Trainee: 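Supplied in structure tokens, the structure appears directly below.
The residues of the chain are indexed from 1 along the displayed sequence. None of these values were measured; they are calculated from a predicted model.
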Amino acid sequence: MEASEVDHKTKADNLKRNFDGSFLDFIITVHPKDLPGESRGKGSNVAYAARTACDELARKRIDKRRVIFTITDSDSAIPELYIRHVEKAFSESDDPFATICSPPIFFSRNALNVPAAVRVTDIMWSIMVMQNLSNRKGLAFPCSTYSLSMVLAEQVGFWDTNGDAIGEDLHMWLKCFFKTGGVARTIPIYVPINLTNVQTTGYMSNIYARWVQAKRHYNGVADVAYSLKFAFGNHDHHSDSKSLLGSPMTTCLMSCSFVDKLTVVFHVLEAHMIPATSGWIMFAAVPFTQLLISAYSPILYYYPSFQNPIVTSEFYAYMFYLIQTVSIFLPMPLLMCAVLYEGLHKTIDLDLLKKSSSETRTWRYYMDYAWLPVSAWLFLTLPSTMACVRRLTKSEEKYVVAEKVFSEELTR
């Protein structure tokens, strides 16, 4: 819990009462506000809770090598199947103390009750996370929920709590990767974690709440500099203590392969730079092209002698029409992903979550994808661009959590 939250004690007591008898122990931590050197966020809260849990478990003489931390958001619904697969992954891993388990995310708890623009944005988010998990070298980043051993968390110094750690889940993965010299790797757990869409009481307020959430997400652009620094720069991001395997811990700069470092950096750039640039490129492509090649280009007014190469050259004309033809097929990969996702969504709803056919997506929700141009601009391009620009002038942004008004019957 956060000490700055009103009635946090009442909420904690209610949770403990609701889950009485479900766990071996139920530890409540209250993260103090305004600790020196800390920035508000998930990372600082988790770091405090993890340190407290380590001390508590040590007092109870519980072997830390048998403890797994699962970090998740409060609006997540975790299937029991996920826990079983995590246990299986750790027991079969060659190095369980350098393993990070990461599942895909899925939005189905209240998806039918939010605006289509919000719904389709989170669908794209889910698809990107699933694509990320396909990395065969274990270099996939977690999102929202992930599991790692208590030994690994303690070895790397727990979660960072400064302004550079706003990336939270991704930042912790990067820290584990660099601090273990590239030993820490991801094992995908193909059991989706069911999340809650941002939801408020009005249409426009819901759109605004999703905008607030997007701005916070893309403040994680700080991880671009973090990954570049610790992959290729001179740094002291290593521990003087023994590694997970007992040998001295070395930096990723010394021990990781160049390909692995490059892959990690490109994945971070993909997560933050593509949203910040792709929208502007697509927006500028049409007017810029027309400015150069149109028969009515204003360039002709200022430079009457200007000759359009597409008109005067067969080669350039051929290349131009070839590009136009190819561009027709560019949306196909996205459409194929959408088709696959719709089938997956229905399967998860019906088979895993045991929903009725009336509670899942039907053909009429396919019209959600018509909102993609609006959603991409409003919830990807603009907030990511603002985050990049502000990062140049400010090292830290105010941490604001979007509103989620959601109720669901508690089942045990």
Trainee: Verify the neighbour count for atom CZ of F266: are there more than 12 heavy atoms of other residues, nucleotides or ligands below 6.0 Å?
Mentor: no
Trainee: Any salt bridge linking D73 with K42? Criterion: basic side-chain nitrogen under 4.0 Å from a carboxylate oxygen.
Mentor: yes
Trainee: Passes side chain to side chain donor-acceptor pair (under 3.5 Å), E342 versus Y369? Steps please.
Mentor: CA-CA 11 Å; E342 291 298 332; Y369 296 99; 2.6 Å; yes
Trainee: Of all the heavy-atom pairs spanning L133 and P103, show the shortest one and how long it is.
Mentor: CD1-C, 3.6 Å
Trainee: Starting from the C-alpha separation in whole Å, work towards a yes-or-no answer on side chain to side chain donor-acceptor pair (under 3.5 Å) for T385 and Y218.
Mentor: CA-CA 9 Å; T385 302; Y218 283 106; over 6 Å; no
Trainee: Please confirm whether H85 and Y190 have ring centers closer than 6.0 angstrom.
Mentor: no
Trainee: Answer whether the closest heavy-atom distance between the side chains of S102 and T186 falls below 4.5 Å.
Mentor: yes
Trainee: Could you point out which residue of D94, I100, D95, L139 forms a side-chain contact (heavy atoms from CB on, under 4.5 Å) with R185?
Mentor: L139
Trainee: Within a strict 4.5 Å, meaning less than it, do heavy atoms of the M130 and L344 side chains meet?
Mentor: yes
Trainee: Can you tell me how far apart OG (S257) and CG (L262) are? Round to the nearest 0.5 Å.
Mentor: 9.5 Å
Trainee: Do Q131 and S134 pair up side chain to side chain, a donor and an acceptor below 3.5 Å, judged on atom types alone?
Mentor: no
Trainee: Whether D349 and R361 form a salt bridge (side-chain N of Lys/Arg under 4.0 Å from carboxylate O of Asp/Glu) is what I want to check.
Mentor: no
Trainee: Hey, mind stepping through R210 and L378 against side-chain contact (heavy atoms from CB on, under 4.5 Å) and telling me if it holds?
Mentor: CA-CA 9 Å; R210 186 62 182 84; L378 190 58; over 6 Å; no
Trainee: Identify the two heavy atoms, one from T360 and one from L112, that lie closest to each other, and give their separation to 0.1 Å.
Mentor: O-CD1, 4.2 Å
Trainee: Apply salt bridge (Lys or Arg N to Asp or Glu O under 4.0 Å) to R65 and list each qualifying residue two or more places apart in sequence or on a separate chain.
Mentor: D63
Trainee: Cut-off 3.5 Å, side chains only: do S39 and N162 have a donor facing an acceptor?
Mentor: no
Trainee: Determine, step by step, whether V224 and V221 satisfy the side-chain contact (heavy atoms from CB on, under 4.5 Å) criterion, reporting the C-alpha distance in whole Å, the side-chain angles of both residues, the deciding distance to 0.1 Å, and the verdict.
Mentor: CA-CA 6 Å; V224 172; V221 70; 4.0 Å; yes
Trainee: Would S93 and T99 count as a side chain to side chain donor-acceptor pair (under 3.5 Å) if you check the C-alpha gap in whole Å, the side-chain angles of each, and the deciding distance to 0.1 Å?
Mentor: CA-CA 7 Å; S93 173; T99 293; 2.8 Å; yes
Trainee: Under a plain distance cut-off of 3.5 Å, with no hydrogens placed, do T52 and T29 share a side-chain donor-acceptor pair?
Mentor: no
Trainee: Identify, with sequence neighbours excluded, every residue that meets side chain to side chain contact (heavy atoms under 4.5 Å, CB included) alongside M332.
Mentor: F329, L335
Trainee: Please check if the side chain of H272 supplies one atom and the backbone of G220 the other of a donor-acceptor pair under 3.5 Å.
Mentor: yes
Trainee: Any side-chain donor paired with an acceptor under 3.5 Å for N14 and R17?
Mentor: yes
Trainee: K9 vs D13, test: salt bridge (charged side-chain N to carboxylate O under 4.0 Å, His left out). Steps then yes/no.
Mentor: CA-CA 6 Å; K9 187 178 186 305; D13 292 340; 3.1 Å; yes
Trainee: Is the shortest side-chain N to carboxylate O distance from K16 to D20 below 4.0 Å?
Mentor: no
Trainee: Around atom OH of Y365, are there more than 12 heavy atoms from other residues, nucleotides or ligands closer than 6.0 Å?
Mentor: yes
Trainee: Kindly determine whether R84 and E80 satisfy salt bridge (charged side-chain N to carboxylate O under 4.0 Å, His left out), including the steps that lead there.
Mentor: CA-CA 7 Å; R84 294 179 182 177; E80 184 180 345; 3.1 Å; yes
Trainee: I'd like to know if the side chain of T72 pairs up with that of Y146 as donor and acceptor (distance under 3.5 Å, no hydrogens or angles considered).
Mentor: no
Trainee: Flag the pair V156 / T180 as yes when at least one side-chain heavy-atom distance between them is below 4.5 Å, and no otherwise.
Mentor: yes
Trainee: I'd like to know if D34 and R40 make a salt bridge, using a cut-off of under 4.0 Å between side-chain N and carboxylate O.
Mentor: no
Trainee: Can you list the steps and then say if H171 with D223 is a side chain to side chain donor-acceptor pair (under 3.5 Å)?
Mentor: CA-CA 6 Å; H171 186 88; D223 284 328; 2.7 Å; yes
Trainee: Please report the shortest heavy-atom distance between Y82 and C101, naming the atom on each side.
Mentor: OH-O, 3.9 Å
Trainee: Going by the angle between their ring planes, with limits at 30° and 60°, are F177 and W173 parallel, tilted or perpendicular?
Mentor: parallel
Trainee: Please confirm whether the ring centroid of F230 lies under 6.0 Å from the ring centroid of Y226.
Mentor: yes
Trainee: Salt bridge or not for E92 and K88, using N-O below 4.0 Å?
Mentor: yes
Trainee: Sub-3.5 Å donor-acceptor pair from the side chain of K175 to the main-chain atoms of F158, do we have one?
Mentor: yes
Trainee: Among side-chain atoms of T161 and S44, is any donor-acceptor pair under 3.5 angstrom?
Mentor: no
Trainee: Start with the C-alpha distance between T145 and I71, add both sets of side-chain angles, then the distance that settles side-chain contact (heavy atoms from CB on, under 4.5 Å), and finish with yes or no.
Mentor: CA-CA 5 Å; T145 301; I71 312 302; over 6 Å; no
Trainee: Taking R119 for its side chain and V114 for its backbone only, find out whether a donor-acceptor pair lies under 3.5 Å.
Mentor: yes
Trainee: May I ask you to say whether D164 pairs ionically with R391, meaning some side-chain N is under 4.0 Å from a carboxylate O?
Mentor: yes
Trainee: Is D75 reaching over with its side chain to a backbone N or O of T196, donor-acceptor style, under 3.5 angstrom?
Mentor: yes
Trainee: Can you tell me if E359 uses its side chain to pair, donor with acceptor, with the backbone of S356 under 3.5 Å?
Mentor: yes
Trainee: Just to verify, what does I105 make a side chain to side chain contact (heavy atoms under 4.5 Å, CB included) with, not counting sequence neighbours?
Mentor: F107, W125, S126, V129, C143, S144, L195
Trainee: Under 3.5 Å, is there a donor on one side chain and an acceptor on the other for S108 and K355?
Mentor: yes
Trainee: If the threshold is 4.0 Å, N to carboxylate O, is there a salt bridge linking E38 and K33?
Mentor: no
Trainee: Using every non-hydrogen atom in the two residues, find where E2 and V30 come nearest and quote the distance to one decimal.
Mentor: C-CG1, 4.3 Å
Trainee: Could you walk me through whether Y341 and I123 pass side-chain contact (heavy atoms from CB on, under 4.5 Å), step by step?
Mentor: CA-CA 8 Å; Y341 173 83; I123 287 176; 3.7 Å; yes
Trainee: Would you give the length of the straight line joining atom CE of M172 to atom CG of L152, rounded to the nearest 0.5 angstrom?
Mentor: 6.0 Å
Trainee: Do you know the tightest heavy-atom contact between V198 and N206?
Mentor: O-ND2, 2.8 Å
Trainee: Check for a donor-acceptor pair, side chain of S375 on one end and backbone N or O of T121 on the other, with a separation under 3.5 Å.
Mentor: no
Trainee: Looking only at non-hydrogen atoms, find the nearest pair between A276 and C388 and report the distance.
Mentor: CB-SG, 4.0 Å
Trainee: Looking at Y321, I'd like to know if its OH atom is crowded, meaning that more than 12 non-hydrogen atoms belonging to other residues, nucleotides or ligands lie closer than 6.0 Å.
Mentor: no
Trainee: Going by the angle between their ring planes, with limits at 30° and 60°, are W377 and W280 parallel, tilted or perpendicular?
Mentor: perpendicular
Trainee: Calculate, to the nearest 0.5 Å, the distance between atoms OG1 and CG belonging to T70 and L148 respectively.
Mentor: 8.5 Å
Trainee: Give a yes or no on whether Y316 atom OH has more than 12 heavy-atom contacts from other residues, nucleotides or ligands under 6.0 Å away.
Mentor: no
